[in-house]
Amino acid sequence: MQQPDTAILIQFLNTLLEAERAGAKAATLFHREYAGGPAEQLIEQVRKDEAWCCGMLSGWISRLGGTPSERTGDFLEKVMAKPGLEARLSFLNRGQGWVVDRLEEMVPRLDPGELREDLQRMLDAHHHNIGATAAFLQTR
């Protein structure tokens with residue numbers, strides 16, 4: 001399987017960047033709203049991972065000669081419209097799953113190297129956060 005050309009890769013990374021930015025902003029708002037609650041550590045971990053992903057994706061877009069999108073995905077409005085912590089976390093997990101699906105399609109197509117390693121790290125973090133969130137929600 002051939003690695004996608006640079007323009008397609010930049011577009012893919014910008015799509016992920018917009019989604020990750022929405023996730024990071026949502027997690028930041030969750031952190032403020034649910035500070036001190038039972039999900040605080042989980043939310044903080046998701047927030048840190050989403051923020052790292054935003055920085056990593058922006059860096060790769062620039063390295064590849066593109067311009068990082070400044071847009072925030074519409075996921076932010078959708079997740080914040082959900083009523084209560086459990087509904088929001090459940091919807092956040094759906095968004096994380098959407099990112100996982102995209103990464104699982106793309107990562108195997110990439111040549112070995114730093115970009116593939118960074119996207120694999122992103123994929124692994126999303127798998128971890130989905131599992132941790134699902135485990136938390138089962139206790140509610």
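Positions are given from 1 along the sequence.
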message: Does atom CD (Gln120) have a neighbourhood of more than 12 heavy atoms from anything else shown, all under 6.0 Å?
response: yes

field: Exceeds 12 heavy-atom contacts within 6.0 angstrom, atom CD of Glu104
entry: yes

If I take atom [atom1] from residue [X] and atom [atom2] from residue [Y], how far apart are they, to the nearest 0.5 angstrom?
X	Y	atom1	atom2	value
Leu92	Thr133	CG	OG1	6.0 Å
Met106	Thr15	CE	OG1	9.5 Å
Asn93	Leu137	CG	CG	6.5 Å
Gln45	Asp49	CD	CG	4.5 Å

What residues, two or more places apart in sequence or in another chain, satisfy side-chain hydrogen bond (donor to acceptor under 3.5 Å, both in side chains) together with [X]?
X	value
Glu40	none
Glu117	none
Glu86	Arg140
Gln41	none

What pairs of residues pass the ring-ring contact (aromatic ring centres under 6.0 Å, His included) test when at least one of them lies in [range], not counting sequence neighbours?
range	value
residues 105-131	none
residues 38-59	none
residues 66-102	Phe75-Phe91

Salt bridge (Lys or Arg N to Asp or Glu O under 4.0 Å) against Arg102, all qualifying residues, sequence neighbours excluded: none

query: Looking only at atom types and distance, does a side-chain atom of Arg116 sit under 3.5 Å from a main-chain N or O of Leu110, one as donor and one as acceptor?
result: yes

query: Is a donor on one side and an acceptor on the other found under 3.5 Å between the side chain of Gln96 and the backbone of Ile130?
result: no

task: Please list all pairs passing the salt bridge (charged side-chain N to carboxylate O under 4.0 Å, His left out) test where one or both residues lie in residues 3-15, with sequence neighbours left out.
output: none

task: Taking the side chain as every heavy atom from C-beta outward, state whether Asn14 and Leu17 have any pair of such atoms under 4.5 Å apart.
output: yes

field: Leu9 reachable from Leu123 in the ILVMFWY side-chain graph, under 4.5 Å edges
entry: yes

message: Grouping I, L, V, M, F, W and Y whenever their side-chain heavy atoms are under 4.5 Å apart, do Leu103 and Ile10 come out in a common cluster?
response: yes

For a quick test of your reading: what N or O donor-acceptor pairs under 3.5 Å do the side chains of residues 53-70 make, sequence neighbours left out?
unit_1: Ser58; atom_1: OG; unit_2: Cys54; atom_2: O; d: 3.0
unit_1: Trp60; atom_1: NE1; unit_2: Asp118; atom_2: OD2; d: 2.7
unit_1: Ser62; atom_1: OG; unit_2: Ser58; atom_2: O; d: 3.2
unit_1: Ser69; atom_1: OG; unit_2: Glu18; atom_2: OE2; d: 2.6
unit_1: Ser69; atom_1: OG; unit_2: Arg71; atom_2: N; d: 3.1

query: Apart from Ile8 itself, what residues make up its hydrophobic cluster, given side-chain heavy atom links below 4.5 Å?
result: none

Show the atom names and distances, to 0.1 Å, of all donor-acceptor pairs under 3.5 Å that link a side chain in residues 25-37 to residues at least two apart or in another chain.
unit_1: Lys25; atom_1: NZ; unit_2: Thr72; atom_2: OG1; d: 2.9
unit_1: Thr28; atom_1: OG1; unit_2: Ala24; atom_2: O; d: 2.9
unit_1: His31; atom_1: NE2; unit_2: Glu44; atom_2: OE1; d: 3.4
unit_1: Glu33; atom_1: OE1; unit_2: Arg88; atom_2: NH1; d: 2.7
unit_1: Glu33; atom_1: OE2; unit_2: Arg88; atom_2: NH1; d: 3.4
unit_1: Tyr34; atom_1: OH; unit_2: Leu85; atom_2: N; d: 3.4
unit_1: Tyr34; atom_1: OH; unit_2: Arg88; atom_2: NH1; d: 3.3

- prompt: Do you know which two heavy atoms are closest between Phe136 and Pro38, and how far apart they sit?
  reply: CE1-O, 3.6 Å

